[in-house]
Undergrad: 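Supplied in structure tokens, the structure appears directly below.
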Amino acid sequence: MSKETVAVVGAGISGLTAAYLLRDRYDVTLYEADDRFGGHAHTHTVGTDRVDTGFIVHNDRTYPLLRRLFTELGIAVQPTEMSMSIRCEGCGVEYAGGRGARGILAQRRRLVDPRFVRMLLDVKRFQRAALALLETDDDLTYGSFLSRHGFGDYFVQHYAIPVVACVWSSGTATALDYPARYLFTFLHHHGFLSLRDSPQWFTVEGGSRTYVDAIVDRLEGSAAGTPVRAIARPTAGGADITTDRGVDHVDRVVIATHADDALSLLADPTPEEKDVLGAFGYSRNEVTLHRDSSVLPDARDAKSAWNYRMDGCSGGDHPPVVTYWMNRLQGIDESRPYLVTLNDGTRPAPGSTIARMTYTHPVYTPSSVAAQGRLSELSTPVTTYAGAYHGWGFHEDGCRSGVAAAEHVGVSW
């Protein structure tokens, strides 16, 4: 008896997880528009080094399904540092969190800067207020929360916004529009609302491509460089998957793309699909892998795994300029510098660029968070959806959505 057929559209973590779990029970075909599998799991081979530029870190507390997947696949991981610096070109301040007192006081002269000292004192007040909000049902935005508690402009620009903009690769206005409870739930789970009790962070040995290759090697049907042009669901049942090579009819389909892409692929979207999927927006970030270490803070003790740079104290709604120091994150010898910088149109220095990419990330607003609660309504016997937008937009969220999609079509893990 032949197996039922399932098309998985999109080969990021969501689609890879779903395809991996469905492969024994169903005849699975994995479609990917790009010429490589993995989505944000993007590893570059530079000489003997393998450097990640999309998905980089995970931890031992809030990534249980991803860690289970890695264990099942035999993927080795290694501990890494999770530190973050702030550098302001306006006032010149440079400091780092996650590196102890020497990181906070990377510039010793800041001890006599009243704005900086007040900011440090306000961090604990911020954390207490955020935790208190989690005990309520207030539906404040992040900006309204900061205003209600009287946090000053210096604190907002040099701490509150960078914490959000750095993690979600979003501009100032987007950060301030985040639903506060939704944001603080994430920050609390990841140890950002406490000066202690942070989880241990890890990177994948050999780069995240190792887990992507391990999954693809276990699939019989996979098609990179094969963009799906349309997904139709005829009344007779099943789904028609149109690509440049023709139309494939399948019994079921897992649509594991960004929400906006999923909606654009549907030839016959329902009003509910238009409403729910259409509520999600995405930020676009230009990313450069390079060797120009001048993008890091000048103060030695401020140089961190993540490094946020702002043009001036007044902020502005520009895309965040964030640099990931891959040598520190992936344990690569610093004599071969590797840095991943988002949204810097003026640097790195000529001749230092290794590769350029564009990544998109979901943007969370009150309307998109409300739409998350309705995503399960869209699943039918033929169609189900997966993607990191089902959660906070991270690798664990994508993996979790892939597990849920597989379970919807009868495969529990």
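Since this is a predicted model, take the numbers as computed values, not measurements.
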Undergrad: Between Asp248 and Tyr31, do the side chains contain an N or O donor and an N or O acceptor separated by less than 3.5 Å?
TA: yes

Undergrad: Would you say His58 and Phe70 make side-chain contact, with heavy atoms under 4.5 Å?
TA: yes

Undergrad: Measure across Ile255 and Ala262 and return the closest heavy-atom pair with its distance rounded to 0.1 Å.
TA: CG2-CB, 3.6 Å

Undergrad: State, without any angle test, whether Tyr95 and His158 hold a side-chain donor-acceptor pair at a distance under 3.5 Å.
TA: no

Undergrad: Would you call Lys274-Glu272 a salt bridge at under 4.0 Å N-O?
TA: no

Undergrad: Is Asn343 reaching over with its side chain to a backbone N or O of Val321, donor-acceptor style, under 3.5 angstrom?
TA: no

Undergrad: Closer than 3.5 angstrom, by distance alone: can the side chain of Trp413 be matched with the main-chain N or O of Leu69 as a donor-acceptor pair?
TA: no

Undergrad: Restricting to non-hydrogen atoms, name the atom on Arg336 and the atom on Asn327 that form the minimum distance, rounded to 0.1 Å.
TA: O-ND2, 2.9 Å

Undergrad: Is Arg99 paired with Glu81 through a side-chain N to carboxylate O contact shorter than 4.0 Å?
TA: yes

Undergrad: Would Tyr182 and Gln372 count as a side chain to side chain donor-acceptor pair (under 3.5 Å) if you check the C-alpha gap in whole Å, the side-chain angles of each, and the deciding distance to 0.1 Å?
TA: CA-CA 12 Å; Tyr182 189 79; Gln372 276 188 334; 3.0 Å; yes

Undergrad: Looking only at non-hydrogen atoms, find the nearest pair between Tyr389 and Ala259 and report the distance.
TA: CE2-N, 3.6 Å

Undergrad: Any ion pair linking Arg356 and Glu286 (charged N to carboxylate O, less than 4.0 Å)?
TA: no

Undergrad: Pick out which of Thr203, Asp52, Asp213 makes a side chain to side chain donor-acceptor pair (under 3.5 Å) with Ser208.
TA: Asp52

Undergrad: If you draw the axis of the six-membered ring of Tyr63, does the NZ or CZ of Arg68 fall within 45° of it and under 6.0 Å from the ring centre?
TA: no

Undergrad: Any side-chain donor-acceptor pair under 3.5 Å between Asn307 and Ser85?
TA: yes

Undergrad: I want to check something: taking the side chain as every heavy atom from C-beta on, are Leu66 and Phe55 in contact at a cut-off of under 4.5 Å?
TA: yes

Undergrad: Minimum heavy-atom separation for Glu94 and Ala106, please, with both atom names.
TA: O-CB, 4.0 Å

Undergrad: With a 4.5 Å cut-off on side-chain heavy atoms, are Tyr308 and Ile161 touching?
TA: yes

Undergrad: Identify whether the distance between the nearest side-chain nitrogen and carboxylate oxygen of Asp153 and Arg115 falls below 4.0 Å.
TA: no

Undergrad: Salt bridge or not for Asp138 and Arg148, using N-O below 4.0 Å?
TA: yes

Undergrad: So, His44 and Thr53: side-chain donor and acceptor under 3.5 Å apart, yes or no?
TA: yes

Undergrad: With a 4.5 Å heavy-atom cut-off, do Trp201 and Asp60 have their side chains touching?
TA: no

Undergrad: Under a 4.0 Å N-O cut-off, is there an ion pair linking Asp397 with Arg400?
TA: no

Undergrad: Is it true that the side chains of Asn59 and Thr62 contain a donor and an acceptor less than 3.5 Å apart?
TA: yes

Undergrad: Could you tell me whether Asp240 and Arg233 have a side-chain N and a carboxylate O separated by less than 4.0 Å?
TA: no

Undergrad: Between His361 and Arg284, do the side chains contain an N or O donor and an N or O acceptor separated by less than 3.5 Å?
TA: no

Undergrad: Is there side-chain contact between Phe280 and Asp260, with heavy atoms separated by less than 4.5 Å?
TA: no

Undergrad: Hey, is CZ on Arg118 packed in by over 12 heavy atoms from elsewhere, all under 6.0 Å?
TA: no

Undergrad: Please determine whether a side-chain nitrogen of the Lys or Arg among Asp244 and Arg229 lies less than 4.0 Å from a carboxylate oxygen of the Asp or Glu.
TA: yes

Undergrad: Looking at Asp268 and Ile231, what are the two nearest heavy atoms and their distance?
TA: OD1-O, 3.8 Å

Undergrad: Minimum heavy-atom separation for Tyr385 to Ser379, with atom names?
TA: N-OG, 4.5 Å

Undergrad: Any side-chain heavy atom of Tyr324 sitting closer than 4.5 Å to one from Leu339?
TA: no

Undergrad: Side chain to side chain contact (heavy atoms under 4.5 Å, CB included) with Val253: which of Val8, Ile241, Thr380?
TA: Ile241

